[in-house]
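A short write-up of the structure that comes next.
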Amino acid sequence: MDFKSLASQYDHAAAQKRWYPFWESRGYFHAEANDPRPPFTIVIPPPNVTGALHLGHALNNTLQDILIRMKRMQGFNTLWMPGTDHAGIATQAVVERRLFEEEKKTRHDLGREGLVARIWKWKDQYEARILSQLKQMGCSCDWARTQFTFNEHNSRAVREWFFHLFKDGKVYRGKRLVNWDTFLQTAVSDDEVFHEPVKGHFWHFKYPVAAKDRRPGEPEFVTIATTRPETMLGDTAVAVHPDPAAAFDKVGAELREKLLQATVKEKAELEEQMTLLLDRRAKVLPQLEQLRDMAKRGVQLELPLTGRTIPLITDEWAKPELGSGAVKITPAHDANDYEVWQRHPEIGAINILNPDGTLNENVPQQYRGLVVRKAREAVVADMEAAGVLVEVEDREIDLAHSDRSKTPIEPYLADQWFVKMDELAQSAMDAVTSGRVKITPERYAKGYLDWLNEKRDWPIGRQLWWGHRIPVWRVSLNYGGSITADRNTVAETLKRSQEEAPSQLRKYLLAGGLKEEEFAMQLDDEMLYCCILNPLGDQALSAVSQYWNALESAIESRTGSDMASIDEFNLGEFATAAASIPSRKVIFRMDREDDVLDTWFSSALWPHSTLGWPDETPELKKFYPTSVLITSRDIITLWVARMVLAGLYNVGDVPFHEVYITPKILDGYGETMSKSKGNGVDPLDIIEKFGADALRFGLAHLTTDTQDVKLPVDFECPHCGTQFAQTKKNRQLPRIECEKCGKPFSTQWAEKPEDKALPRGAVVSERFELGRNFANKLWNAARFSLINLEGYDASAGSTAPGSAGGFSENDLLLEDRWLLSRLATVTQQVTDTLERYRYADAARTLYDFAWNEFCSFYVEMTKARFSVPDQRQTAQRVLAHGLDVLMRLLHPMMPFLTEEVWQLLGQVAPTRDLPAAVEPVPGPSLKGTGSGAAESICIAPWPAADTARQNATIEQQFADFQAVLGAVREIRQTQNIAQREEITFSVRCDGATADLLRPMQPYFTQMARATATNLGQNAGAPDVAASRTLTGRQGQIEVHVDVSRFIDTKAERKRLEKERDNFLKQIGSIESKLANKNFVEKAPAEVVDQQRAKLDELRGQLASIEAALKRL
RNA sequence: GGGCGCAUAGCUCAGUUGGCUAGAGCACCAGCUCGACACGCUGGGGGUCACAGGUUCAAGUCCUGUUGCGCCCACCA
């Protein structure tokens, strides 16, 4: 191949298109459980199928792929498990919104099955898009194993886990205040709620003391205050503090404590608070104590508008320093009041809301059916009319809104399934404190532990349709075909047959074909719950259900028949028999729970369910526990913690040994990227413009462990190519007009046909220019090498005796030894930093080495050597080897470019190993050594550092050469000597350095168009010279360039004077340091010596600067 | 309210256990069509390391406080 015809710019699109299919077709990404090599496993944090991936995902997945690719090269049996998450509420909300926007339909118009079918379609579409994005980024996932949290297998795993928790008594049913979204009619979790201040009011009401409980001298009313007056209809008590004086004192003491440590500014404010507190105490304490006494006596209050009376109670929740000191208690609609109820069960709870947000039958007739807002108005008006409205204050209220529907949240008491967290949480805490799971960066362990330490039970039900339906059947009693499952009756009946009901049901289930270990039951005060493991789920159940319905009636019609005789019936018969159930007969009725499980319930299983659990697959045995989890910090609690406890519970081992928390990608304003904010960037835009390698390298380069990554982004006009900043204003617009050419283009928000018809403007960031430029630099270094490897002799340098060719250790020149030494160090550094997730360090090390050492020096220097027949082959061998190692080290970050180069290199230089300076240590090593002739760089061995070639002396000698070259170049530039002018220079230095520099003459010519006329201890300066003084390995090096033809005396003097001043300043500072007794005595001897040496050096340099000045 | 971070050049970021004149990329300035690369080469300018104290022979680095910003959690009759 004629390598000269290779394009001078790296064609990323072509490389991507060429190599990804190649890798896939060769099956490099596929892992088998029976592969004997040690495993290295990562499970992907499954992206939500809500939408396409943005740069945050790109970062996360790039970092995973870098590790996976390195480990693959290191010889591990590498598995990267891909997949997506069904993301319950988020996905359903997106699809519902789309449904409404496009067809003006709600989910109720479609029904459960219809809506779920829609969401599946959406899922298919976005899953395909997500997987395609990952492939275009170059991710080397084992695609054949692609998983989905809601596929059949994972559904089975979910049922299995739930069933075992249920059976263990770790799942229970309880009442709980949920954030009720009255629009979507579902509970939403706390993290799906946002708070927004709205203007509201603070109403003060007085509740009369019941006439019968009034005593002279005591208050006739208790005043309470609320921001939600309609909730008074659900009040079940009013509370006052049991010891208001003590409570006041406690608050006072806290204030005093603060005051002690307060700054002047805070003091005034705190003192004012203190005064207010004391005033208040004086004013209200007697009355509060009276109320307290009344409460202890059991006084009742009349609850206005309702005709009910409620008790006055004492509870510490009532803060004497707030409001009136008395607080209304509405357990069904306020979380704190709910807690009060738990402490005072006798007060009860009254739910006043219907799921749609209207008031229900528990409130007086006139309020029923009103929405909260209307009810509030009505209640306030009626309270005023009743003369119990004391006062209305304006107040700003931080009101909870649903993230999905943007409507206000109503706290609502609902039945929920919970997972008991005590032991599970403890196990997950132990895993981290014992070091079995290591979190990097360490600081994130604290949040994990703190959160788990609260051991709050986990509410797992969601009132949604898209998700894993809870595998529990409510067993109620049904009187003769009427399906009213009247709770009280059921409870009563069940209570009566408490012992009997479960055993009865058990018989039926067994008769229905279920095995003993496939179902479990829980009986609470109200209901019998049955959890069924059978993977056929609904289907099996309906058969069972039919079976016992029919069975009951059969038994009824066959007086005296016993259970033993059921075998003679088959299902068909029972189905017909069921039609004739006598109306007075009590039979069981089973209804499946409507709720689905929290998405995290299924994602918690991800590391083991994707490997086959609950089956004991070879994969599970081989790849579990996985090696590392790479994810973002905001799901450490929601996801990571739950995976740990689920893994321990189900498999008996942690799901991963390490967790690496990535930084977050922020936009130019420091805000996190998200689709909803409109600041998300599609990685494909970046890939198209800069290439996948540039994207990946850029992201790795930004990944430091201390900071998030701010990434200002620009729109790129598709008409004229102008880039201009994405701002908070324009980032959500469907169409934007170019700032330069004024022509409009569309954005990701384009919905209307006329907008969509416009050309799409890409969102780009100049941050990725770094990676693109680097890729191009590498490409050209490779191109240069390929062109010049003509005649490369693979056998040259073979250690085999008698081999032909010009390579032998003795032929290695200084620059060869330098490069090999550096290569060993860089290999060590890159390996080490990547193992420790220090991606940016690895990227920077490679960037600096490749650009400033390999290209700027080694490659440059080979130019002079290729024309020297004696040197050509050695230079080719070392160049090819250097490029080979560099490509392998870069491959995890830049897979496409490195493969492209690898393949081309293979054409001209099929093997590129150099004999190791020392024999590698024998024994099983995972790290590769030579590249061999791997057919793809994906599976080429990871470079091993040939540490025997590390040589500090060589590196220092080379540094001296670099310094001299730099001095000559600098003089050229500062003297304004044209590039094409040949110049001469002399170097005064020790003999060893002169010997070193003498053979470098071709490089001075090559790289600085300069000829050394005199080298050595006695080398004098030309008459008219510009000079630099350097500190070499063996002493001072003076570089004098003959500038007689060019001298700009004024400029040179100015420069030298500036430099002299600089030196004087430094010398002064070191002198004073050394004059300081404390420093000399206390600082370590080596630091002092270092300073003394430095001083000598500086003085020497100063002297030569002064000499140069004199000469001018 | 509790917790965790961050603040270094115009911009985006490095700066490992305190120790040479604090670095990089982009942007900026000057000069370069020399056969790998103008997505390049050579050289240059640019920083009171947010502020105030403290520890130390020595502080960008450690401690305390202040200010500003971000995130997480809790709470708000």
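Note that the coordinates shown come from a computational prediction; the quantities given were computed from them, not determined experimentally.
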Q. Hey, does the side chain of A:T704 come within less than 4.0 Å of B:A14's phosphate (OP1/OP2), counting only N and O?
A. yes
Q. Quick one: A:L449 CG to B:G3 C1', roughly how many Å, whole number?
A. 13 Å
(Q) Starting the side chain at C-beta, find the nucleotide from B:C57, B:U21, B:A36 nearest to A:F784. (A) B:A36
Q: Could you let me know what B:G25 is paired to, Watson-Crick or G-U wobble, both distances under 3.5 Å, or none if it's on its own?
A: B:C11
**Q.** Touch class at under 4.0 angstrom, heavy-atom based, for A:R772 against every strand present
**A.** base
Q) Looking at A:R456, does any N or O in its side chain come under 4.0 Å of the phosphate oxygens OP1/OP2 on B:A74? A) yes
(Q) For the P atoms, the ones on B:C49 and on B:G3, what distance do you get once it is rounded to whole angstrom? (A) 30 Å
Q) Using a cut-off of 4.0 Å on non-hydrogen atoms, how would the nucleic acid contact of A:R838 be classed: base, sugar-phosphate, or nothing? A) sugar-phosphate
Q: Answer with base, sugar-phosphate or nothing: what part of the nucleic acid does A:E766 contact at a heavy-atom distance below 4.0 Å?
A: sugar-phosphate
(Q) What's the gap between B:G40 and B:A27 when it is taken at their P atoms, as a whole Å value? (A) 9 Å
Q) If you look at every strand shown and take non-hydrogen atoms under 4.0 Å, does A:A326 touch a base, only sugar-phosphate, or nothing? A) base
Q. Which part of the nucleic acid, if any, lies within reach of A:K319 when heavy atoms closer than 4.0 Å are counted: base, sugar-phosphate only, or nothing?
A. base
Q: If B:G68 has a Watson-Crick or G-U wobble mate with both distances under 3.5 Å, name it; if not, just say none.
A: B:C6
Q. Would you say B:C34 has OP1 or OP2 under 4.0 Å from some side-chain N or O of A:R980?
A. yes
Q.
Any base atoms under 4.0 Å from A:R633, or only sugar-phosphate, or nothing? Heavy atoms, all strands.
A. sugar-phosphate
**Q.** Gap in Å between the two P atoms, one belonging to B:A7 and one to B:G43, rounded
**A.** 31 Å
Q: Taking atom types as modelled, find out whether A:Y10 and A:D693 have a side-chain donor-acceptor pair closer than 3.5 angstrom.
A: yes
Q | Residue mapping more 5' on RNA chain B - nearest nucleotide basis, A:V709 or A:N788 | A | A:V709
Q) Quick one: A:N780 CG to B:C39 C1', roughly how many Å, whole number? A) 9 Å
Q.
Check this one for me: any side-chain N or O of A:K710 less than 4.0 Å away from OP1 or OP2 of B:U12?
A. yes
Q: Test for a donor-acceptor pair under 3.5 Å between the base of B:C37 and the side chain of A:K777, counting only N and O atoms.
A: yes
Q) Hey, are A:R844 and A:D848 close enough for a salt bridge, meaning a charged N less than 4.0 Å from a carboxylate O? A) no
Q) Any salt bridge between A:R1028 and A:E970, counting N to O under 4.0 Å? A) yes
Q: Please test A:Y207 against A:D235 for side chain to side chain donor-acceptor pair (under 3.5 Å), starting from the C-alpha separation and ending with a verdict.
A: CA-CA 11 Å; A:Y207 292 174; A:D235 284 358; 2.7 Å; yes
Q) With sugar-phosphate meaning primed atoms plus P, OP1 and OP2, does A:L770 contact a base, only sugar-phosphate, or nothing at under 4.0 Å between heavy atoms? A) sugar-phosphate
Q) What nucleotide, of B:U21, B:G19, B:A36, holds the atom closest to the side chain of A:P1084? A) B:G19
Q. Considering only B:C4, B:C37, B:G15, which nucleotide approaches the side chain of A:N776 most closely?
A. B:C37
**Q.** B:U48 - base-pair partner by Watson-Crick or wobble geometry, distances under 3.5 Å
**A.** none
Q) Who is the Watson-Crick or G-U wobble partner of B:G53, with both distances under 3.5 Å? A) B:C63
Q: Would you verify whether the NZ or CZ of A:K777 falls within 45 degrees of the ring axis of A:F854 while also being under 6.0 Å from that six-membered ring's centre?
A: no
Q. If you find the nucleotide of RNA chain B closest to A:K1082 and the one closest to A:W779, which residue's nucleotide is nearer the 5' end?
A. A:W779
**Q.** B:G1 pairs with, by Watson-Crick or G-U criteria that keep both distances under 3.5 Å
**A.** B:C73
Q.
Counting the atoms with a prime plus P, OP1 and OP2 as sugar-phosphate, which does A:E860 contact under 4.0 Å by heavy atoms, base, sugar-phosphate, or nothing?
A. base
Q. When the distance from CE of A:M1007 to P of B:U42 is rounded to whole Å, what number comes out?
A. 8 Å
Q) What nucleic acid atoms does A:S785 come within less than 4.0 Å of, heavy atoms only: base, sugar-phosphate, or nothing? A) nothing
Q: Answer with base, sugar-phosphate or nothing: what part of the nucleic acid does A:D634 contact at a heavy-atom distance below 4.0 Å?
A: nothing
**Q.** Residues A:D1096, A:R1092: salt bridge by 4.0 Å N-O rule
**A.** no
Q: Pick the P atom in B:G23 and in B:G46, then give their distance to the nearest Å.
A: 13 Å
Q: Write down the distance separating the C1' atoms in B:A59 and B:U8, rounded off to the nearest Å.
A: 14 Å
Q: Please state how far atom CG in A:L6 lies from atom P in B:C39, giving the value in whole angstrom units.
A: 19 Å
(Q) Heavy atoms only, 4.0 Å cut-off, all strands: where does A:R969 land among base, sugar-phosphate and nothing? (A) sugar-phosphate
Q.
Counting only side-chain heavy atoms from C-beta out, which of B:A14, B:C20, B:C37 sits nearest to A:S8?
A. B:C37
Q. Which of these, A:I310, A:V238, A:I329, sits in a side-chain contact (heavy atoms from CB on, under 4.5 Å) with A:I347?
A. A:I329
(Q) Using atom C1' in both nucleotides, what's the gap between B:A58 and B:U67 to the nearest angstrom? (A) 28 Å
Q: For B:G45 and B:C37, measure between their P atoms and round to the nearest Å.
A: 29 Å
Q.
The side chain of A:Y847 is closest to which nucleotide in this list: B:G25, B:G43, B:A36?
A. B:G25
**Q.** A:W851, nearest nucleotide to its side chain (from B:C41, B:C26, B:G19)
**A.** B:C41
Q: Considering just the side-chain nitrogens and oxygens of A:K863, establish if one lies under 4.0 Å of OP1 or OP2 belonging to B:A36.
A: yes
Q: Could you tell me whether the phosphate oxygens of B:G40, OP1 or OP2, come under 4.0 Å of any side-chain nitrogen or oxygen in A:N773?
A: yes
Q: Provide, to the nearest angstrom, the distance between the NZ atom belonging to A:K455 and the P atom belonging to B:C73.
A: 20 Å
Q. Are A:K664 and A:D708 within salt-bridge range, i.e. N to O under 4.0 Å?
A. no
Q) Can you tell me the Watson-Crick or wobble partner of B:A38, both distances under 3.5 angstrom? A) none
Q: Tell me which nucleotide among B:A36, B:A14, B:C4 gets nearest to the side chain of A:V859.
A: B:A36
(Q) As a test of reading the structure: which of B:C4, B:A30, B:U12 is closest to the side chain of A:Q973, going by heavy atoms? (A) B:A30
Q. What distance, rounded to whole Å, do you find between the two P atoms, one in B:U12 and one in B:C75?
A. 36 Å
Q. For A:Q1101 and A:T1031, does a side-chain donor sit closer than 3.5 Å to a side-chain acceptor?
A. yes
